[in-house]
Amino acid sequence: MMTPITINPLFQSILALSAADAGQNRLVYTPNWVAAQTQLLQAGVVDDLQARVDQYGNVYLDLPGRLPELPAIATGSHMDTVVNGGALDGLYGIIGGLTAVQRLRHQYGQPKRTLRIIAFSEEEGSRFPATFSGSKYYARRDQVTNLVDATGVSFEAARITAVQSLKRIPRVIFQRPDLPATFTELHIEQGPRLIHEHRTIGLVAAIVGQRRFNITVHGVANHAGTTPMVGRIDALTLTTQLLVQLQQAAAQTDPELTYTVGQLAVVPNTANTIPGKVTFSVDFRHPSSTVLDAFETKLTAIVAAANQPQHPVESRRVNDVPRPLDATMLANNRRIASQLGYHPLTLVSGAGHDSAVMSQVVPTTMLFVPSIGGISHAPTEQTAPDDLTAGVDVLTESLYHQAY
Ligand code: GLV
Ligand code: MN
Ligand code: MN
């Protein structure tokens, strides 16, 4: 009998890294993140799995198959979190994948095809303005260039230091493996639909298109008391006008369009100085590219109108990932879940996932379990222990059918 995922010692010790915080904090390449990837690599080595790390800090644990020339069957998720995130977003798919592979080895021995657990370095875009940088590197898509975090540390400097420390772990190979034959990601739903429908398992048909922009408004910083009101170029006042226009444009585009400004950086952020610069994020999502294009056209026009020689406004597009997932793998998972006694719900994910990137290069599928209260990206994120187990059970069967 394997340890239930909720009391799995590796799961608990990775969660304990953030014990002093309000929630989970494993922003990419930070000390907590390095400690978590280290623990995972060491657990893989102890378990006699082939442990690898690549240049971006993606971790790969392989249970080699009898036919090693065949591409692997991969599962996993991301190790990073948002600021003060929950216990399950990302980590559940990694520990769930490891648990499934351990169970299969215990019960059936060596697989025919190699089984691979992947812990992608970064999916959230919470530290640097880039998302899915780990899976994009593995999938041979984009690489990150010239980014800095809020404290001015560059992505390159952070990445190199963090990866150096992972490379030094005994018996860890420094290499990016070949692409797998398939990718299956187990994840919490992060929304309310499974709970509302009283279902345990969700099958993801597609992942919404998600676009992010960073918009910077330049004003002129000056003394709050001595500068007359007339003639000030206050970047925050200009930003509030922009925010109202963008919010109205989003509301008029489509009822299903989600629109969020979650990050606002005011410079110098001092009570007695007129703000000289404001940068804010815009995140908008919809299943249809046409609707995303329509809102992007409005956003671009609003920003262009606000961009004046005395107060320049710049915008930078960060990403775009509308993706259908593999229909055949979904049908197989529906059959497996039904045989295990579940009545799975097929849905579209409103959250972004590494699967959106992986699906561009290999057949990819996702399994969801319910999120209590539909809450995620918050310390109160939770799933009933039986539902966590159910997700791992379906994943185990799905991997068995693909690899044995
Ligand atoms: C990631 O969790 C996202 O959907 O932003
Ligand atoms: Mn996630
Ligand atoms: Mn997330």
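Numbers for residues simply follow the sequence, beginning at 1. Numbering of ligands and ligand atoms starts at 1, following listing order. Side chains are part of it too, since the values below use all heavy atoms of this structure and drop only hydrogens, waters and symmetry mates.
Atom NE2 is the N, O or S atom of His187 at the shortest distance from the Mn ion (ligand 2). The atom name of the N/O/S atom in Asp89 closest to the Mn ion (ligand 2) is OD1. Looking at His377 and the Mn ion (ligand 3) together, the shortest N, O or S contact belongs to NE2. No other N/O/S atom of His78 lies as close to the Mn ion (ligand 2) as NE2 does. The closest approach of Glu124 to the Mn ion (ligand 3), by N/O/S atoms, is made by OE2.
In terms of polar-atom proximity, defined here as any N/O pair under 3.5 Å, Arg285 does make such a contact with ligand 1. Looking at Gly352 next to ligand 1, an N or O pair under 3.5 Å apart turns up.
Phe120 and Tyr138 have tilted rings, their planes meeting at an angle from 30° to 60° on a 0 to 90° scale.
Ranking protein heavy atoms by distance to atom 1 (C) of ligand 1, first place goes to Glu124 OE1, 3.2 Å.
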Check the pair Phe284 / Phe295 against ring-ring contact (aromatic ring centres under 6.0 Å, His included), numbers first and verdict last.
CA-CA 9 Å; Phe284 57 100; Phe295 181 66; 4.8 Å; yes

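Within ligand 1, counting atoms from 1 as listed, the ones closer than 4.0 Å to a heavy atom of Ala351 are 4 (O).
Judged by distance alone, with hydrogens and angles left aside, the side-chain atoms of Gln164 form no donor-acceptor pair with the main-chain N or O of Lys167 at under 3.5 Å. A distance-only check finds a donor-acceptor pair linking the side chain of Arg232 to the backbone of Ala224 [under 3.5 Å].
Of the N and O atoms on the side chains of Asp149 and Thr151, at least one donor lies less than 3.5 Å from an acceptor on the other residue. Checking Gln190 against Ser371 by side-chain atom types alone, no donor-acceptor pair falls below 3.5 Å. Under the 3.5 Å distance criterion, with hydrogens and angles disregarded, a donor-acceptor pair is assigned to the side chains of Lys298 and Thr253.
Residue contacts with ligand 1: Arg212 is included, with a non-hydrogen atom under 4.0 Å away.
Under the side-chain contact (heavy atoms from CB on, under 4.5 Å) test applied with Tyr137, the options Val144, Val357, Asn58 reduce to a single match, Asn58.
Among the backbone and side-chain atoms of His353, no N/O/S atom is found under 2.8 Å from the Mn ion (ligand 2). In summary, Asp354 places no N/O/S atom under 2.8 Å from the Mn ion (ligand 2), failing the contact criterion.
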